[in-house]
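Before any comments, here is the structure.
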Amino acid sequence: MNEFFPSDCVKCALNSEEKKKKATVSTHHPNNYSAALTMRGLFWPVAPQLLNQNPLIIIARRFFPEPRKRFFKNVTVAGTSNLYEINLDHRKLKTPAGNLIQVPNYGLALAVANEWSAVKEKIRPSLMHLTGLTNTVLDNPGRTTKYDLSGKIIEYLDTDTLLFREDATDDFTQLQVKEWDPVLNWFNERFETDLKPCHGFLAAEVSTQTKERIRRYLLSYDIWAVNGLLYGTEALKSVILTLAAAERKISAIKAVELSRLETNFQTSRWGSVEWGHDLERYDAESRFSAALLFTHLNTWQGCK
Amino acid sequence: MRESRSFVCLFVGVIFIEMASTTTKIQTLRSLIKELRRTVGNHDRVQQTPIFSYVMNEYRRNAVTDQQYCHQQEEITYLAQTCATYLTSSRRYLELYDAYHGCGERSVKETASMVGFKLPNER
């Protein structure tokens with residue numbers, strides 16, 4: 001980074017938050033520091049013409065602004081038997097679009113409230129998966145229907161993890177057969193499909209009949225649960241594992257382990273790197289278990 | 001002081017592929033409560049949170065034990081297990097992230113010491 005664009009200057013970033021796109025000169029940088037004219041999120045390299053003109057400049061907003069600190073003391077859930085709201089102190093929790101968060105069941109409301117009350121110092125919305133899922137369903141920014149979403153899930157069936165088998169290594173092939181085949185057989189039996197694993201470079205053949213069967217199954221869930229299933233499928237890149245977990249045949253941890261079979265096999269031989277492999281694993285586990293929790297809380301007819 | 005619970009812990013064999021592996025239902029409940037305890041602040045008690053009473057009510061309502069197999073019980077156990085997984089994995093992710101990525105750019109000396117090396121000029 002050149003001297004004219006101090007990208008890691010906290011003061012500049014804080015100032016930019018307050019002054020909100022009004023042109024200011026950075027007063028605490030000595031000697032003709034100037035920053036490029038930027039728009040939020042974009043960065044235009046400082047061009048010689050700009051320098052010569054000595055423009056009024058806007059301090060760039062960093063790409064990673066400082067996370068908000070915890071500003072509330074208590075998180076409570078209030079509501080009637082059909083709609084539950086979450087309150088941070090006296091404020092009601094809202095979606096990014098400004099809609100009030102009203103969830104139809106108590107368990108989910110408690111889980112979302114728990115995500116917020118578990119915040120120690122900094123609020124990191126990217127790690128609050130249940131809140132994110134609730135926001136997506138209530139805002140529906142992509143104007144998607146249940147049909148669009150189930151179509152998106154079906155697309156993952158062509159390249160499902162469980163259908164791609166290794167040819168070369170004997171150990172790994174046997175491991176795949178041992179771990180993946182029971183789940184695949186259960187899936188074929190439960191949904192009356194004929195998915196077979198493929199080898200080499202050819203993709204798996206998934207008949208339209210199979211796709212229709214799965215689509216009908218997915219459409220039997222409501223919009224909330226289908227969002228959860230899509231999130232889970234995207235976390236594991238496998239429809240078979242997600243549906244097996246949705247039917248409670250395998251646990252969340254087992255599903256993530258099965259989707260990371262090759263990674264685990266390689267790291268067991270060559271060693272695992274904590275800040276890479278473990279981080280990925282916990283990320284996949286937290287996304288998938290959040291998706292599963294979301295789906296089950298929305299389909300479970302327990303105490304509301 | 002823990003609440004007394006009248007569950008009987010008998011280990012019943014694994015149902016279908018890998019249901020709850022080898023953990024019993026009471027162990028699932030205990031791990032969930034342990035995770036919930038971590039999310040609660042320093043001055044609160046987990047027994048007073050609404051999420052705790054919700055979980056305990058659900059378990060009691062369906063009399064979740066290992067002695068019998070019942071559809072409702074399996075649903076609740078599975079939910080408890082998934083919730084415990086979610087809380088554990090997100091906590092561990094945060095711990096690892098803060099440990100490795102949380103403090104910006106490290107100096108050469110710090111990075112070397114992370115992998116056990118010393119710089120050439122040090123003794």
Side-chain angles (χ1 to χ4, degrees), chain A residues 8 73-77 106-107 109-111 113-115 117-120 122 124 127-130 179 182-183 185-186 244-245 248-258 274-276 278-297 299-303, chain B residues 14-21 23 28 32 35-44 46 49-55 57-62 71-72 74-102 104-105 114-115:
Chain A
D8 55 351
K73 285 217 176 67
N74 303 315
V75 184
T76 50
V77 175
Y106 189 49
L110 280 176
N114 185 257
E115 273 185 350
S117 70
V119 164
K120 297 286 180 231
K122 300 187 202 166
R124 283 182 236 226
L127 299 176
M128 297 174 166
H129 300 300
L130 289 174
E179 301 280 348
V183 186
N185 294 335
W186 169 82
R248 285 189 294 276
K249 294 306 172 200
I250 50 176
S251 69
I253 296 189
K254 184 72 189 171
V256 174
E257 200 188 297
L258 289 181
E274 205 179 16
W275 48 260
D278 280 350
L279 210 60
E280 265 178 18
R281 179 182 141 216
Y282 292 135
D283 186 44
E285 273 180 15
S286 91
R287 277 171 199 272
F288 185 69
S289 51
L292 207 57
L293 197 59
F294 193 78
T295 309
H296 279 140
L297 282 170
T299 54
W300 179 47
Q301 301 298 321
C303 159
Chain B
V14 176
I15 297 160
F16 204 69
I17 306 177
E18 306 255 350
M19 232 305 268
S21 48
T23 53
T28 324
L32 176 58
E35 284 305 320
L36 285 176
R37 190 170 290 135
R38 283 187 212 253
T39 64
V40 164
N42 280 332
H43 305 290
D44 298 332
V46 73
T49 56
I51 196 166
F52 178 83
S53 28
Y54 178 75
V55 169
N57 279 340
E58 288 308 314
Y59 255 75
R60 287 202 190 103
R61 216 158 61 92
N62 297 291
H71 192 63
Q72 278 280 68
E74 293 310 313
E75 281 184 29
I76 292 164
T77 321
Y78 194 84
L79 261 181
Q81 190 185 33
T82 317
C83 196
T85 311
Y86 175 51
L87 294 171
T88 326
S89 57
S90 50
R91 174 180 58 87
R92 287 195 188 148
Y93 177 86
L94 210 57
E95 280 170 11
L96 273 185
Y97 186 85
D98 283 340
Y100 287 104
H101 302 286
E105 197 166 314
M114 263 173 79
V115 286

How long is the straight-line distance from [atom2] of [Y] back to [atom1] of [X], given to the nearest 0.5 Å?
X	Y	atom1	atom2	value
B/L79	A/R248	CG	CZ	8.0 Å
A/N114	B/Y54	CG	OH	13.0 Å
A/E115	B/L87	CD	CG	8.5 Å
B/Y78	A/I250	OH	CD1	6.5 Å
A/S117	B/I51	OG	CD1	7.5 Å
A/I253	B/T85	CD1	OG1	4.0 Å

Can you tell me which portion of [X] sits under 4.5 Å from chain A's heavy atoms? Options are side chain, backbone, both or neither.
X	value
B/V40	backbone
B/Y97	both
B/R91	neither

Identify which of A/V256, A/V119, A/L127 forms the greatest number of heavy-atom pairs closer than 4.5 Å to chain B. A/L127
Where does A/R124 contact chain B at under 4.5 Å (heavy atoms): side chain, backbone, both or neither?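 Side chain only.
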Counting only non-hydrogen atoms closer than 4.5 Å, does A/A245 touch chain B with its backbone (N, CA, C, O), its side chain (CB onward), both, or neither? both
Minimum heavy-atom separation for A/S289 and B/S89, please, with both atom names. OG-OG, 4.1 Å
Is A/K122 salt-bridged to B/D98, cutoff N-O under 4.0 Å?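 Looking at B/D98 together with A/K122, the answer is no, because their closest N to O distance does not fall below 4.0 Å.
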Would you call the rings of A/H129 and B/Y86 parallel, tilted or perpendicular, where under 30° means parallel and over 60° means perpendicular?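 A/H129 vs B/Y86 ring planes: tilted.
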Does any part of the side chain of B/L94, heavy atoms only, come nearer than 4.5 Å to the side chain of A/K120, both counted from C-beta? no
Let's go through B/Y93 and A/E285 carefully: what are the C-alpha distance in whole Å and the side-chain angles of both, what is the deciding distance for side chain to side chain donor-acceptor pair (under 3.5 Å) to 0.1 Å, and is it a yes or a no? CA-CA 9 Å; B/Y93 177 86; A/E285 273 180 15; over 6 Å; no
